[in-house]
Amino acid sequence: MSTPYPFTAIVGQDDLRLGLLLNAVSPAVGGVLVRGEKGTAKSTAVRALAALMPEVPVVSGCRFSCDPAAPDPACPDGPHEAGPGVSRPARTVELPVGASEDRLVGALDIERALSEGVKAFEPGLLADAHRGILYVDEVNLLHDHLVDLLLDAAAMGASYVEREGVSVRHAARFLLVGTMNPEEGELRPQLLDRFGLTVEVAASRDTDQRVEVVRRRLAYDDDPAGFGARWAEEEGALRERIAAARLLLPRVVLGDGVLRQIAATCAAFEVDGMRADIVMARTATALAAWAGREEVTAEDVRQAALLALPHRRRRNPFDAPGLDEEKLDDTLREAEGDPDGGDGDDDGPGGGGGGVPPQGGGPDAPDRGEAPGDDTSDSAPAGDGGPESGQQPAPARGSSPEQRPVGASEPFRAKMLSVPGLGEGAAGRRSRARTEHGRTTGARRPEGALTKLHLAATVQAAAPHQRARGRSGRGLVVRRDDLRQATREGREGNLVLFVVDASGSMAARQRMGAVKGAVLSLLLDAYQRRDKVGLVTFRGRDAEVALPPTSSVDAAAARLESLPTGGRTPLAAGLLKAHDVLRVERLRDPSRRPLLVVVTDGRATGGPDPVALAARAGRLHSAEGTASVVVDCETGVVRLGLAAQLARELGGSAVTLDELRADSIAGLVKDVTAAGRAA
């Protein structure tokens, strides 16, 4: 067995270490979500924590790790007789992103059911993780229904399985840790709320600290056992401190004044529901126990708020997680009844003696400041040859005049746009698809490895042959030809590629604000339906990929917000650029079907016969069967209808900005290519 990297040898990352240690002291805190860029010791810290956890006494032979001092009366392997049991190290169970529901919660033991005629339950990862650590790397990429299942189990302390004639309940209490890189997509706010704490991690910008990180890592890689031995004393001390805090935890007093501060803080920051209050109370109690105190202080409440509230303030994917610390200090003072007292200074993670012991080479937490954004708006507004354009300095040759970026109008609930037909892409919530999860619609012979057995169809296929196969006992004689794969229908996520006209014809501030608001609404819809998104813009003389296809919808929203406008309208260039992007994505992810959303007024300028060129580019998408919709941004009394013409060339449909609202019409765009096929 390889030697894990010592927890105490991790440099810096005080919030990360504190969040993990508080959950080790009190698993009732509800786990921790670690958000941060790649290469910031997220996985290293989680795996190192297991070595600090006390050994677990278990009933010998129990697959569900029952405590011999208090065995679970409902244990599927029970009932258990009282006894000393055996001790084993606490487990760290990793849930892969591609895991199935059966692997997570367990399922009917098909082999025993068919061969012996008995119903037997095969435990899943939730049973393996009981009384240990369940670690989900890249939790934001895990299918939503799996996240729901494991968070429900973490909240209830038990896993309930009702499927395939099996009804099983077993204990599932574990320390839940999820890590994620926000650049690869966000978790839904409803799922964020189910994690007790969240911490943000980033690589330190301090040279000395970075040098120490590299020095320690190289030393560990050269001699893991020797490096671990050098940190054994610190590891032992931290292990003893965790055990002492666990023993002290039941004696910690949570006074009425402190409870009032917790309630006032959650109310002031307008968090939904009561889970935040409960998590803050448990976290503050764990902080006091970690500091060796029997009474919770205001500083414990403050630190608990910084760990438990930032992710609960996030209402949609475009909100940045965070907490106004000045407002937090004011709220705590007012709830304490002393509006003038205290200066709100923070002594660092776990203030009031509750922080993680400082490690050598880790002087300070990483700087959390953000670099100032680039100012891309360096010229005054200019249109497509309007009367104001002559008053502006002439742009340099080859450049396009542009406006300052216009803010988006208020987003709205958008009408659902779906891809017609039946796909087989990644699980999501947009278009109909054959998926691993969903309602069972039938059975078929498996074409490859059997993944979802249709039990009734399998038994039905095997039943007529039992006498010929010499069946004599209870078990069913089943051969491979009898096996049937369940076919299920659910929803898939798509690649939604936005092609946005940023030319001078769209440059009126009010108009562009409405256009950005509409695209922002569609982005929010794509986030909720678990799509990948990409952004192509065109203006001046060419088109560019403002954002390659990604699962990070908030990154697309940020690019959209800073999008400048102005210049000619190279519509054909935008469509051809989109064609290149889709061609590459079909090679990378052939099962994910694309949906092309072109946001334009349909005008095309620049070059010889730009309208005909745009039409030919549109027919290129139509020939490849790309589902498409044109959002018609043309305004005014006199309309040319160019966007509708473009939609016909694309083989799709056209909708106006008003029609895009979900509450404006009924059933306009169920299948976005229906109009094109009917024409």
Checklist line | Closest heavy-atom pair and its distance - Gly651, Ser628 | finding: C-OG, 4.4 Å
Next item on the list: Quick one: closest heavy-atom pair of Lys42 and Met180, and the distance?
Entry: CE-O, 4.0 Å
Note to self: For a side-chain contact (heavy atoms from CB on, under 4.5 Å) check, start with the C-alpha distance between Asp589 and Leu495, then their side-chain angles and the critical distance, and finish with the verdict.
What the structure shows: CA-CA 10 Å; Asp589 191 358; Leu495 166 59; over 6 Å; no
Notebook entry, point to check: Is any side-chain heavy atom of Leu582 less than 4.5 Å from a side-chain heavy atom of Leu497?
Noted result: yes
Notebook entry, point to check: What pair of heavy atoms forms the shortest contact from His621 to Leu650, and how long is it?
Noted result: CB-CD2, 3.8 Å
Check: Just by distance, with hydrogens left out, do Asp137 and Thr179 show a side-chain donor and acceptor under 3.5 Å apart?
Finding: yes
Next item on the list: Nearest 0.5 Å please: distance from the CE atom of Met274 over to the SG atom of Cys266.
Entry: 7.5 Å
Check: How many angstroms lie between CG in Asp531 and CZ in Arg592, if you round to the nearest 0.5 Å?
Finding: 7.0 Å
Next item on the list: Would you check, one step at a time, whether the test side-chain contact (heavy atoms from CB on, under 4.5 Å) holds for Asp501 with Phe538?
Entry: CA-CA 5 Å; Asp501 186 346; Phe538 58 94; 3.4 Å; yes
Note to self: A side-chain contact here means heavy atoms from C-beta on lying under 4.5 Å apart; do Arg35 and His311 qualify?
What the structure shows: no
Item checked: Arg603 and Leu571, any side-chain heavy atoms less than 4.5 Å apart -> no
Margin query: Can you tell me which residue among Leu33, Leu309, Val279, Val34 is in a side-chain contact (heavy atoms from CB on, under 4.5 Å) with Leu197?
Written below: Val279
Notebook entry, point to check: Does any non-hydrogen side-chain atom of Asp580 lie less than 4.5 Å from one of Val545?
Noted result: no
Next item on the list: Look at the side chain of Ser431 and the backbone N and O of Val419, then say whether any donor-acceptor pair between them is shorter than 3.5 Å.
Entry: yes
Margin query: Run the side-chain contact (heavy atoms from CB on, under 4.5 Å) test on Leu328 and Thr265 for me, step by step, so that the C-alpha distance in whole Å, both residues' side-chain angles and the decisive distance to 0.1 Å come before the verdict.
Written below: CA-CA 7 Å; Leu328 173 61; Thr265 301; 3.6 Å; yes
Next item on the list: Taking the side chain as every heavy atom from C-beta outward, state whether Val597 and Val631 have any atom pair closer than 4.5 Å.
Entry: yes
Note to self: I'd like to check Arg559 versus Thr537 (side-chain heavy atoms, cut-off strictly below 4.5 Å). Are they in contact?
What the structure shows: no
Next item on the list: Verify side-chain contact (heavy atoms from CB on, under 4.5 Å) between Glu649 and Val630, making sure each step is shown before the conclusion.
Entry: CA-CA 11 Å; Glu649 299 293 352; Val630 177; over 6 Å; no
Next item on the list: State the NE2-CG distance between His579 and Leu596, to the nearest 0.5 angstrom.
Entry: 10.5 Å
Check: Under the criterion side-chain contact (heavy atoms from CB on, under 4.5 Å), which of Leu176, Leu146, Val177 is the partner of Val136?
Finding: Leu176
Next item on the list: Output yes when a side-chain donor or acceptor of Asn494 lies under 3.5 Å from a complementary backbone atom of Arg593, and no otherwise.
Entry: yes
Notebook entry, point to check: Are any non-hydrogen side-chain atoms of Arg484 and Arg445 less than 4.5 angstrom apart?
Noted result: yes
Margin query: Could you check whether any side-chain N or O of Arg588 sits under 3.5 Å from a backbone N or O of Val584, counting only pairs where one atom can act as donor and the other as acceptor?
Written below: no
Item checked: Residue of the set Leu575, Val536, Val629 for which side-chain contact (heavy atoms from CB on, under 4.5 Å) holds with Val598 -> Leu575
Check: Heavy-atom distance under 4.5 Å between the side chains of Leu523 and Phe498, does that happen here?
Finding: yes
Note to self: I need the Gln645 CD to Leu640 CG distance, nearest 0.5 Å.
What the structure shows: 8.5 Å
Item checked: Any donor-acceptor N/O pair, Lys327 side chain to Ala268 backbone, under 3.5 Å -> yes
Checklist line | Partner set under ring-ring contact (aromatic ring centres under 6.0 Å, His included) for His454, not counting sequence neighbours | finding: none
Checklist line | Summary of ring-ring contact (aromatic ring centres under 6.0 Å, His included) pairs that have at least one residue in residues 540-560, sequence neighbours excluded | finding: none
Margin query: For Ala457 versus Ala443, what's the shortest heavy-atom pair and its separation?
Written below: CB-CB, 3.7 Å
Next item on the list: Indicate the atoms forming the closest heavy-atom contact of Ala305 with Pro310, along with that distance.
Entry: O-CD, 3.5 Å
Checklist line | Spacing of Thr331 atom OG1 and Glu326 atom CD [to the nearest 0.5 Å] | finding: 10.5 Å
Notebook entry, point to check: How many angstroms lie between CG in Leu620 and CG in Leu576, if you round to the nearest 0.5 Å?
Noted result: 7.0 Å
Check: Which heavy atom of Cys633 sits nearest a heavy atom of Leu657, and at what distance?
Finding: SG-CD2, 4.3 Å
Item checked: Thr487 side chain vs Gly442 backbone, donor-acceptor pair below 3.5 Å -> yes
